[in-house]
J.: 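Following this message is one structure expressed as structure tokens.
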Amino acid sequence: MQVQPYLFFNGHCAEALQFYVTHLGAVVHVQMRYRDAPEPPPVAPAWREKVMHASFQVGGTELFASDGMRAEDAAMQGVSLHLTADSTEHGRRLFDALADGGQVTTPYAPTFWAAGFGMVTDRFGVHWMVSAPSV
């Protein structure tokens with residue numbers, strides 16, 4: 001059995017996927033748009049180009065993503081994705097990329113449990129925790 005996070009981007013899924021490809025090295029495996037459904041989807045015509053389902057990989061983790069069903073869907077709450085970097089410098093690069101256009105909750109800095117740790121909500125509303133293991 002596997003548990004896979006499923007992220008909803010309220011109309012910005014394709015943009016979010018490209019951002020994660022560029023800044024996190026994500027690999028997109030599947031990206032289906034509502035227009036690709038065999039029967040007309042229950043979305044407004046303007047949403048036919050939006051992402052109905054996507055599968056992408058960050059490191060060894062596969063995630064699912066979608067635009068959702070409509071722009072009014074609720075914002076993400078109650079979950080954070082955690083990235084463990086290879087080094088403090090790598091953690092800083094990941095954190096800074098996610099913080100660009102986002103909101104820093106906890107600045108990236110050394111802690112008693114990690115060489116570097118920070119929390120940020122990226123420009124798409126996804127909450128991230130980034131850490132680099134202690135040496």
J.: Mind checking whether V130 and F117 sit in one hydrophobic cluster, side chains of I, L, V, M, F, W, Y counted as touching below 4.5 Å?
T.: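 In one cluster: no.
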J.: Test of understanding: clusters of I, L, V, M, F, W, Y form through side-chain heavy atoms closer than 4.5 Å, transitively. Do V21 and L81 belong to the same one?
T.: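 Per the 4.5 Å side-chain linkage, V21 and L81 are co-clustered.
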J.: Could you tell me whether the side chain of D67 and the main chain of K50 form a donor-acceptor pair under 3.5 Å?
T.: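 No; zero donor-acceptor contacts below 3.5 Å.
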J.: Hydrophobic clustering (ILVMFWY, side-chain heavy atoms < 4.5 Å, transitive) - are V120 and M129 grouped together?
T.: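 No; tracing contacts between hydrophobic side chains, which count when under 4.5 Å, never links both residues.
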J.: Is it true that a side-chain atom of D36 and a backbone atom of R33 form a donor plus acceptor pair closer than 3.5 Å?
T.: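 Side chain of D36 to backbone of R33, a donor-acceptor pair under 3.5 Å: yes, one is there.
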J.: Looking only at atom types and distance, does a side-chain atom of Y108 sit under 3.5 Å from a main-chain N or O of S131, one as donor and one as acceptor?
T.: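 The answer is no, because no donor-acceptor pair under 3.5 Å joins these two groups.
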J.: Is any side-chain heavy atom of L24 less than 4.5 Å from a side-chain heavy atom of L94?
T.: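 When only atoms from C-beta onward are counted, L94 and L24 do touch, with a gap below 4.5 Å.
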J.: For the atom pair OG1 (T84) and NE2 (H90), what is the distance rounded to the nearest 0.5 Å?
T.: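 Between T84 OG1 and H90 NE2, I get 10.5 Å after rounding to 0.5 Å.
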J.: Could you check whether any side-chain heavy atom of M32 comes within less than 4.5 Å of a side-chain heavy atom of V51, counting everything from C-beta outward?
T.: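 A side-chain contact under 4.5 Å is absent here.
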J.: About how many Å separate CD of Q103 and CE of M119, when rounded to the nearest 0.5 Å?
T.: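 Between atom CE of M119 and atom CD of Q103 there are 11.5 Å.
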J.: Taking atom types as modelled and ignoring hydrogens, do the side chains of Y6 and H53 form a donor-acceptor contact shorter than 3.5 angstrom?
T.: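 Indeed, the side chains of Y6 and H53 share at least one donor-acceptor pair under 3.5 Å.
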J.: Strictly by modelled atom types, are W128 and D122 linked by a side-chain donor-acceptor pair under 3.5 Å?
T.: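 There is such a pair between these side chains.
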J.: Would you mind reporting whether T22 and Q18 have side-chain heavy atoms less than 4.5 Å apart?
T.: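 The answer is yes; the side chains approach within 4.5 Å.
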J.: What is the distance from atom NE2 of H12 to atom CG of L17, rounded to the nearest 0.5 Å?
T.: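 H12 atom NE2 to L17 atom CG measures 13.0 Å (nearest 0.5 Å).
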J.: Given side chains that start at C-beta, do those of V126 and V79 come closer than 4.5 Å, heavy atoms only?
T.: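 Heavy-atom side-chain distance check fails, nothing below 4.5 Å.
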J.: How are the rings of H23 and F19 set to each other: parallel, tilted or perpendicular (split at 30° and 60°)?
T.: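 Because their plane-to-plane angle lies in the 30° to 60° range, the rings of H23 and F19 count as tilted.
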J.: Parallel, tilted or perpendicular: which fits the ring planes of F124 and Y20, with parallel below 30° and perpendicular above 60°?
T.: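 Geometry flag for Y20 against F124: perpendicular rings.
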J.: Indicate the atoms forming the closest heavy-atom contact of A115 with S134, along with that distance.
T.: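 Shortest heavy-atom contact: N-OG, 3.7 Å.
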J.: Between Q57 and E62, do the side chains contain an N or O donor and an N or O acceptor separated by less than 3.5 Å?
T.: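 No, E62 and Q57 have no side-chain donor paired with an acceptor closer than 3.5 Å.
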J.: Any donor and acceptor pair, going by atom type alone, linking the side chain of S66 with main-chain N or O of M52 inside 3.5 Å?
T.: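 Side chain of S66 to backbone of M52: a pair is present.
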J.: Which heavy-atom pair separates C13 from A65 by the least distance, and what is that distance?
T.: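 Here C13 and A65 meet closest at SG-CB, 3.8 Å.
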J.: Flag the pair L83 / V58 as yes when at least one side-chain heavy-atom distance between them is below 4.5 Å, and no otherwise.
T.: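 Contact flag for L83/V58 side chains = yes.
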